[in-house]
Amino acid sequence: MAASTTPRPADLPPELPANAADAAFVVWARQAGDEPLRHAPLAVAYSGGADSTALLHAAARHWPGPVLALHVHHGLQAAADGFEAHCMQVCAALGVVLRTAHVDARHAPGESPEEQARRHRYQALADLALAAGAPCVLLAQHADDQVETLLLALSRGAGMAGLAGMPVSFERHGMRFERPLLAVPAQRIRDDLQQAGIAYVQDPSNEDVSLTRNRIRQQLLPVLGQVFPAFRETFARSARHAAQAQALLEALAQQDLADLGEPPAIAALQRLPRERQANVLRLWLRRTAGRSGSAAQLDALLAQIAACTTRGHRIHLKVAHGHVLREGSRLAWRPGLL
């Protein structure tokens, strides 16, 4: 395995590197800007796979301050110990500190194994970064991951929030996460690694076509590339448009909820157009119940609100792990069985 041990420069290069991941990282680092961040530990989520390998090497080459690799051992497959050993070897060669978290990511009956592993991973990454004093964690999702996210959102009939795809920057568990490689195609990352002679691990689960994301990656994306060669760029543009529209909807919902009061006054809610009622109810339910409910639940709630024209009219609808009720002149959400 070839690994660069070149000392990190005092500042970012004046011109973008030819390597796609390095170039994307340098662009992100220039935008990150402030001097305190430049000298804080920069945490990179590092699985040992191609994408996080490219990101870690880019950070090790170009970040002026210390770089920290964060590895999450999920314990879900026999190869996990080998992944950790590989990460230790690479980080030692790069002169990068490696912090590892061992988590039990097994899912309960009825839970999505992918979602359960994702929740554990983000929590572990945030905990490791906070303990190290890192202000943010870099994730290695790329352009193909963004396309897969959009296709999955379309398959579920998602609204603007889902069609906005993965954001470049977001906060979770008290930590900021950043995705510098979101515009870089997966194949370009692998081609650059191969040309540089940099080794990475292959996750056996990526070949499991029982997982929807793998079927999209292996079967659908090649066809999309033949029919729409620029689909990565055009899908990303649509995601940006959806994100802008979602930001406007969010701002309108916040203003409407401020006017309605929290919890919302039913009579004032009824005076809004149905679309604005749905929009503000999604925000209120996310704040109160932790999720906005399904489209069918929201339609049923809107119908009950429209029919609520007498003093004794009852509103009762299950949403998330509780129920939306009428309490006097306002809506309420109460957890548990009612």
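Remember, predicted model here, so these are calculated numbers, not experimental data.
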Apply side-chain contact (heavy atoms from CB on, under 4.5 Å) to the pair Gln141 and Asp51, showing each step before the final yes or no. CA-CA 7 Å; Gln141 281 103 350; Asp51 313 316; over 6 Å; no
With side-chain contact (heavy atoms from CB on, under 4.5 Å) as the test, would you mind laying out the steps for Leu56 and Leu94 before giving the verdict? CA-CA 9 Å; Leu56 182 64; Leu94 289 174; 4.0 Å; yes
Pair Phe177-Tyr122, ring-ring contact (aromatic ring centres under 6.0 Å, His included): steps then yes or no: CA-CA 9 Å; Phe177 291 86; Tyr122 279 121; 5.2 Å; yes
Run Thr53 and His57 through side-chain contact (heavy atoms from CB on, under 4.5 Å) and show every step you take. CA-CA 6 Å; Thr53 295; His57 276 259; 3.7 Å; yes
Assess whether side-chain contact (heavy atoms from CB on, under 4.5 Å) is satisfied between Leu220 and Arg215, documenting all intermediate values. CA-CA 7 Å; Leu220 186 53; Arg215 291 200 300 276; over 6 Å; no
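Once rounded to the nearest 0.5 Å, the distance linking CD of Gln277 with CG of Leu298 reads 9.5 Å. Between the NE2 atom of His120 and the CD atom of Gln123 there is a distance of 9.5 Å, given to the nearest 0.5 Å. Rounding to the nearest 0.5 Å gives a distance of 5.0 Å between CG of Leu331 and CD1 of Ile315. How far CG of Leu249 is from CD of Gln244: 12.0 Å, rounded to the nearest 0.5 Å. In this structure, OG on Ser292 lies 10.0 Å from CG on Leu281, to the nearest 0.5 angstrom. One finds the CG atom of Leu317 at 9.5 Å from the CG atom of Leu325 (value rounded to the nearest 0.5 Å).
Annotation for Leu260 and Arg330: closest pair O-NH1, 3.1 Å, computed over non-hydrogen atoms. The minimum heavy-atom distance linking Ala245 with Met160 is given by the pair CB-SD, 3.8 Å. Of all non-hydrogen atoms in Gln146 and Ala239, the two that sit nearest each other are NE2-CB, 4.5 Å. Minimum interatomic distance between Arg190 and Tyr200 (heavy atoms only, all atoms of both residues): CG-OH, 3.8 Å. Shortest non-hydrogen contact noted between Phe25 and Pro180 is CA-CB, 4.5 Å. The two atoms that bring Val184 and Ala20 nearest to each other are CG1-CB, 3.8 Å, heavy atoms only.
Grouping the Ile, Leu, Val, Met, Phe, Trp and Tyr side chains by contacts below 4.5 angstrom, directly or via other members, places Leu150 apart from Met166. Connection of Leu301 to Trp333 is established within a shared hydrophobic cluster, with ILVMFWY side chains joined at heavy-atom distances below 4.5 Å, either directly or through further cluster members. In the hydrophobic clustering of this structure, Leu151 groups with Val227; members are Ile, Leu, Val, Met, Phe, Trp, Tyr whose side-chain heavy atoms approach within less than 4.5 Å, directly or through other members. Linking ILVMFWY residues whenever their side-chain heavy atoms come closer than 4.5 Å, directly or via other members, places Leu221 and Leu152 in the same cluster. Residues Ile266 and Leu272 fall within the same hydrophobic cluster, defined by Ile, Leu, Val, Met, Phe, Trp and Tyr side chains chained together at heavy-atom separations under 4.5 Å.
Under the 3.5 Å distance criterion, the side-chain polar atoms of Asp144 are matched with a main-chain donor or acceptor of Ala186. No donor-acceptor distance shorter than 3.5 angstrom exists from the side chain of Glu262 to the backbone of Leu257, with no hydrogens or angles considered. The closest donor-acceptor contact from the side chain of Asp192 to the backbone of Ile189 lies at 3.5 Å or more, if one exists at all.
Within 6.0 Å of the CE atom in Met88, the count of heavy atoms belonging to other residues, nucleotides or ligands does not exceed 12. A 6.0 Å sphere centred on CZ of Phe170 holds more than 12 heavy atoms belonging to other residues, nucleotides or ligands. Environment of CD in Gln194: sparse, with no more than 12 heavy atoms of neighbouring residues, nucleotides or ligands closer than 6.0 Å.
Contact check on Arg274 versus Asp299 returns a salt bridge, with a Lys/Arg side-chain nitrogen under 4.0 Å from an Asp/Glu carboxylate oxygen.
In this structure, Trp28 and Trp63 have tilted ring planes: the angle between them lies in the 30° to 60° band. Between His73 and His71, the two ring planes are perpendicular [angle over 60°; tilted spans 30° to 60°].
Under the 4.5 Å side-chain criterion, counting only non-hydrogen atoms from C-beta, Leu16 is in contact with Arg30. Taking 4.5 Å as the limit, some side-chain heavy atom of Gln254 sits within range of a side-chain heavy atom of Leu283. You'll find the side chain of Pro263 stays beyond 4.5 Å of the side chain of Glu327, heavy atoms only. At a threshold of 4.5 Å between non-hydrogen side-chain atoms, the residues Phe231 and Val147 count as touching. Phe83 places none of its side-chain heavy atoms less than 4.5 Å from the side chain of Ser47. In this structure, Leu285 and Val324 have side chains that are in contact, with non-hydrogen atoms separated by less than 4.5 Å.
When the options Arg287, Arg282, Arg286 are evaluated for a salt bridge (Lys or Arg N to Asp or Glu O under 4.0 Å) with Glu250, the one that passes is Arg286. Remark: of the listed residues Gln187, Gln195, Arg188, Gln187 is the sole one forming a side chain to side chain donor-acceptor pair (under 3.5 Å) with Asp191.
One side chain, Asn214 or Arg217, offers a donor N or O that lies under 3.5 Å from an acceptor on the other. For the 3.5 Å distance criterion, the side chains of Gln255 and Asp259 qualify, holding a donor opposite an acceptor.
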